[in-house]
Structure formats: structure tokens, C-alpha cells
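Down below is the structure, laid out as C-alpha cells.
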Amino acid sequence: MLFKQQALLRQKLFVLGSLAVGSLLYLVARVGSLDRLPPICPVEGRFGSHSQDAITLRAMQFKRGLLHEFRKGNATKEQIRLHNLVQQLPKAIIIGVRKGGTRALLEMLNLHPAVVKASQEIHFFDNDENYAKGIEWYRKKMPFSHPHQTTIEKSPAYFITDEVPERIYKMNSSIKLLIIVREPTTRAISDYTQVLEGKERKNKTYYKFEKMAMDSNTCEVNTKYKAVRTSIYTKHLERWLKYFPIEQFHIVDGDRLITEPLPELQLVEKFLNLPPRISQYNLYFNSTRGFYCLRFNIVFNKCLAGSKGRIHPEVDPSVITKLHKFFHPFNQKFYQITGRTFNWP
């Protein structure tokens with residue numbers, strides 16, 4: 001009787017062991033095949049039959065895998081030639097505005113399989129030393145991409161730097177320019193908050209926002225304060241319009257990109273003449289962070305750095321009211337020039 005029980009027990013253990021091994025082998029095979037999974041929609045259906053829109057699954061894999069290795073300098077010349085990869089000058093640039101959401105916009109656009117982003121701010125056109133290195137130096141700072149893909153870089157300082165419009169025009173007079181803006185007073189406070197955080201990390205003192213934003217002699221808005229000047233969007237845009245027609249600009253609502261990103265991204269896709277590929281599947285709200293995060297595929301998600309969404313200091317309401325009144329006429333002119341109206345005070 002005891003022998004039969006032991007034999008039965010061994011048989012059960014054998015069956016359980018077989019099931020466990022089988023499950024493990026399935027998981028290994030499943031994980032190994034993830035990078036070969038097709039996109040949510042078949043490639044042909046997503047991109048159509050036209051050669052300029054044909055982005056193969058292999059190209060999408062390179063964008064997330066091999067292209068990353070190439071950016072790190074781990075590719076051989078033969079690999080680059082074999083996969084028909086190039087470093088292209090950007091076809092579009094996010095020129096500003098600082099603290100308007102430029103990083104979020106760039107990362108979200110990178111969800112599109114036809115977009116390749118320059119990960120770092122190049123500061124080519126606003127930095128005299130970099131600009132003197134020449135256009136080939138700039139090109140080599142761009143990521144590897146397939147010829148049909150669109151390279152995009154962002155450097156928010158471009159928007160407010162006097163020399164930049166002419167320099168970009170000399171590179172490409174038909175380039176597409178993206179400007180992402182937020183409510184001017186909120187943007188100015190966000191600008192201050194970032195600088196304040198940097199000062200605190202170095203154990204340095206810094207004036208309160210009210211002291212920076214208001215002229216102590218006149219009790220009026222201090223237009224010499226850079227955070228205030230940057231928020232006068234129309235003044236900077238007028239300088240750009242000396243070189244580029246308004247049709248080459250697209251204004252992105254940075255406040256809406258935070259709360260409802262998909263409609264804003266769809267407008268950018270249309271402006272860049274990209275086939276519509278970014279969907280709600282690619283964006284999910286992270287309640288812990290309080291922001292939307294990015295879903296590239298079933299295994300790769302990404303949220304913006306923790307430094308995004310800093311808590312702003314409390315500001316005297318009377319100062320905020322003065323800033324609203326100060327920015328109001330500039331905002332009205334900005335609406336008129338761009339053809340886009342915002343619900344700003």
C-alpha cells in the first residue's frame with residue numbers, strides 16, 4: 001500500500017514538473033519573439049503602398065534597437081551601409097519656448113515610426129562657437145535614420161536668440177518650425193522655478209519671484225527679467241517672420257499637451273505631412289506622476305524625467321494680476337498673427 005502511494009506521488013510530481021518546464025519553455029519562446037511581433041495594425045495597412053510612406057517593420061525595430069546602438073557609436077561602417085542609414089539634417093525643429101513643453105513634445109513625436117529625434121539639445125544656431133564648426137558638424141550630431149524618416153531636434157533657446165532665424169534660413173529656407181507655448185505668466189513662474197531649483201542644489205540663495213518680476217522703483221512689470229521677456233511671444237515671433245512665412249510655423253498648445261495630448265499631436269502630424277500613426281494606445285495617464293506617459297509597444301513604456309512638473313512656489317496674487325494685464329495685449333497680437341486663440345487671462 002505504501003509502495004503504491006509513493007509511486008502515485010512520483011507520478012504526480014513528474015506531471016507537475018513537466019507542466020512547469022513546458023510553461024518555462026513557452027515563456028522563453030514568447031519573450032524571444034517579442035521583438036518580432038507585428039505592430040498593432042499590419043505594416044501595409046498602417047503605411048499604405050506608396051514608397052515614401054513604406055516604413056517596414058524592420059525599420060521600426062532598428063529605430064528602437066539598432067539605431068540606439070548607432071547613436072552610441074557602436075556601429076560599423078558596413079552595418080550603416082547595409083541598413084541604408086544616414087545622418088540627416090532636421091526637416092523640422094522645435095525652436096521653443098523654454099518651459100513650454102519642448103521635451104514632452106519631442107518625446108511624444110518620437111512615438112511616430114517616421115520620426116527620429118536628436119536626444120540632446122544641439123545648440124548649434126544659438127551658440128557662436130558651435131555654429132563656427134560648420135553644418136557638417138551639426139549633421140554629425142543628428143541620429144542615424146532611414147532616408148524616408150524625419151529627423152527633429154529641439155533647442156528652446158533658438159526662439160529668443162537674435163541670430164538664429166537667419167542662420168536656420170541659410171540652412172533650409174523651407175524647414176518646418178514648431179513652437180510650443182503655455183500661458184505666459186505660468187510659463188514665467190515655471191522658468192523661475194527651474195532656476196530656483198538649480199540654485200538650491202548649489203546651496204545658493206535666490207530672490208523671490210515677485211522681486212524678480214517686478215521693478216522695485218516703478219512697481220511695474222520688470223521687462224529686463226529674462227523669464228518675463230521670454231513670455232512676450234509676439235516680440236520674438238516677429239523677428240522670425242522676417243525670414244519665414246507664418247505657414248512654416250505650427251503653434252502647439254503646451255497646456256493642452258499636458259491634459260489632452262493626442263489632439264495636439266495629431267495636429268503636428270498633419271503639419272509635418274506625416275501619416276497619422278500616434279493613437280491613444282501610445283499614451284496612458286500615470287496617476288502617480290500626474291502626467292501622460294508613452295507606450296511604444298507592449299514591452300517598452302517611458303515617462304518623462306522626474307524633474308518635469310515641478311511644484312511652483314506661491315506667488316502674490318496681485319503680482320499675477322499685474323502680469324496677466326501686462327501680457328494681455330501681446331497675447332492678442334500673438335493670436336492675430338498665428339490664427340490660434342488660447343483661453344489666457
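Note that the numbering runs from 1 along the sequence shown for the chain. Because only heavy atoms are used, hydrogens play no part in the values below, and waters and symmetry mates are left out as well, while side chains stay in.
Remark: the backbone N or O of Glu163 is not paired with any side-chain donor or acceptor of Thr161 at under 3.5 angstrom. Checking side-chain atoms of Lys117 against main-chain N and O of Thr151 turns up no donor-acceptor pair under 3.5 Å. Remark: the backbone N or O of Tyr243 is not paired with any side-chain donor or acceptor of Glu166 at under 3.5 angstrom.
Annotation: side chain of Lys270 is not in contact with side chain of Pro276 (no heavy-atom distance under 4.5 Å). Side-chain contact check for Trp137 versus Asn130: some heavy-atom pair is nearer than 4.5 Å. Residues Leu241 and Leu237 are in side-chain contact: their nearest non-hydrogen atoms beyond the backbone lie under 4.5 Å apart. Met171 has its side chain within reach of Ile135: a pair of non-hydrogen atoms, C-beta onward, lies under 4.5 Å apart. Side-chain contact between Leu323 and Val221: present, with at least one pair of heavy atoms (C-beta onward) separated by less than 4.5 Å. His324 places none of its side-chain heavy atoms less than 4.5 Å from the side chain of Trp344. Looking only at side-chain heavy atoms (C-beta outward), His146 and Leu85 come within less than 4.5 Å of each other. Counting heavy atoms from C-beta outward, Phe291 and Leu304 have side chains that stay 4.5 Å or more apart.
Applying the side-chain hydrogen bond (donor to acceptor under 3.5 Å, both in side chains) test to residues at least two apart or on different chains, the pairs with a partner in residues 201-211 are Glu197-Arg201. The list of salt bridge (Lys or Arg N to Asp or Glu O under 4.0 Å) pairs with a residue in residues 185-194, not counting sequence neighbours, reads Arg98-Asp191, Arg187-Asp191. Residues in residues 211-295 take part in these disulfide bond (SG atoms under 2.5 Å apart) pairs, two or more places apart or across chains: Cys293-Cys303.
A single hydrophobic cluster is not seen to contain both Tyr192 and Ile160; linkage of ILVMFWY side chains at heavy-atom distances under 4.5 Å, directly or through other members, places them apart. Linking ILVMFWY side-chain heavy atoms closer than 4.5 Å, directly or via other members, places Tyr284 and Phe296 in two distinct hydrophobic clusters. Residue Ile189 is grouped with residue Tyr225 when hydrophobic side chains (ILVMFWY) are merged at heavy-atom distances under 4.5 angstrom, including chains of intermediate members. Hydrophobic cluster membership is shared by Ile179 and Val164, with clusters built from Ile, Leu, Val, Met, Phe, Trp and Tyr side chains linked at under 4.5 angstrom. Residues Phe159 and Ile232 do not share a hydrophobic cluster, clusters being chains of Ile/Leu/Val/Met/Phe/Trp/Tyr side chains in contact below 4.5 Å.
The salt bridge (charged side-chain N to carboxylate O under 4.0 Å, His left out) check on Glu136 picks up Arg139, with sequence neighbours excluded. Under the salt bridge (charged side-chain N to carboxylate O under 4.0 Å, His left out) criterion, Lys302 pairs with Glu107, sequence neighbours left out. Residues that satisfy the ring-ring contact (aromatic ring centres under 6.0 Å, His included) test with His123, not counting sequence neighbours, are absent from this structure. Lys91 is linked by a side-chain contact (heavy atoms from CB on, under 4.5 Å) to Gln88, Thr150, counting only residues two or more places apart in sequence or in another chain. Residues passing the salt bridge (charged side-chain N to carboxylate O under 4.0 Å, His left out) test with Lys133, sequence neighbours excluded: none. Under the salt bridge (charged side-chain N to carboxylate O under 4.0 Å, His left out) criterion, Arg295 pairs with no residue at all, not counting sequence neighbours. Taking Thr186 as the reference, Arg182, Glu183, His312 meet the side-chain contact (heavy atoms from CB on, under 4.5 Å) condition, with sequence neighbours excluded.
In this structure, Leu106 and Ala118 approach most closely via the heavy-atom pair CD2-O, 3.7 Å. Residues Gly101 and Ile180 come closest through the heavy atom pair O-CD1, 3.5 Å.
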Please test Asn110 against Met108 for side chain to side chain contact (heavy atoms under 4.5 Å, CB included), starting from the C-alpha separation and ending with a verdict.
CA-CA 5 Å; Asn110 194 47; Met108 289 179 178; over 6 Å; no
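With values rounded to the nearest 0.5 angstrom, Leu283 atom CG is found 6.0 Å from Leu111 atom CG. Taking OG of Ser119 as the reference point, atom CE of Met142 lies at 10.5 Å (rounded to 0.5 Å). Taken to the nearest 0.5 Å, the CD1 atom of Ile246 stands 6.5 Å off from the OG1 atom of Thr338. Annotation: the span from Asn282 atom CG to Asn301 atom CG amounts to 10.0 Å, rounded to 0.5 Å. A distance of 5.0 Å separates NZ of Lys322 from CD of Glu220, quoted to the nearest 0.5 Å. Within the model, atoms CD1 of Ile122 and NZ of Lys140 stand 14.5 Å from one another, a figure rounded to the nearest 0.5 Å.
Ring-plane geometry between Phe244 and Tyr169 is classed as perpendicular, the angle between the planes exceeding 60 degrees on a 0 to 90 degree scale with a lower cut at 30. Ring geometry for Tyr131 against Phe125 counts as tilted: the plane angle lies between 30° and 60°, on a 0 to 90° scale.
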Can you give each donor-acceptor pair under 3.5 Å made by side-chain atoms of residues 261-269, sequence neighbours left out, with the distance rounded to 0.1 Å?
{"unit_1": "Glu264", "atom_1": "OE1", "unit_2": "Asp253", "atom_2": "N", "d": "3.1"}
{"unit_1": "Glu264", "atom_1": "OE1", "unit_2": "Arg340", "atom_2": "NH1", "d": "3.3"}
{"unit_1": "Glu264", "atom_1": "OE2", "unit_2": "Arg256", "atom_2": "NH1", "d": "3.2"}
{"unit_1": "Glu264", "atom_1": "OE2", "unit_2": "Arg340", "atom_2": "NH2", "d": "2.5"}
{"unit_1": "Glu269", "atom_1": "OE2", "unit_2": "Arg277", "atom_2": "N", "d": "2.9"}
{"unit_1": "Glu269", "atom_1": "OE2", "unit_2": "Ile278", "atom_2": "N", "d": "2.9"}

Show which side-chain atoms of residues 326-336 pair as donor or acceptor with protein atoms under 3.5 Å away, not counting sequence neighbours.
{"unit_1": "Asn331", "atom_1": "ND2", "unit_2": "Phe327", "atom_2": "O", "d": "3.4"}
{"unit_1": "Lys333", "atom_1": "NZ", "unit_2": "Glu238", "atom_2": "OE2", "d": "2.8"}
{"unit_1": "Tyr335", "atom_1": "OH", "unit_2": "Phe342", "atom_2": "O", "d": "3.0"}

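Heavy atoms from other residues, nucleotides or ligands lying under 6.0 Å from CG of Asp162 number more than 12.
No hydrogens or angles considered: a donor-acceptor pair under 3.5 Å links the side chains of Ser155 and Glu153.
The only option from Thr102, Ile93, Leu109 that meets the side chain to side chain contact (heavy atoms under 4.5 Å, CB included) definition with Leu178 turns out to be Leu109.
In this structure, Lys141 is not positioned above the aromatic face of Phe124 in the sense of NZ or CZ being under 6.0 Å from the six-membered ring centre and within 45° of the axis.
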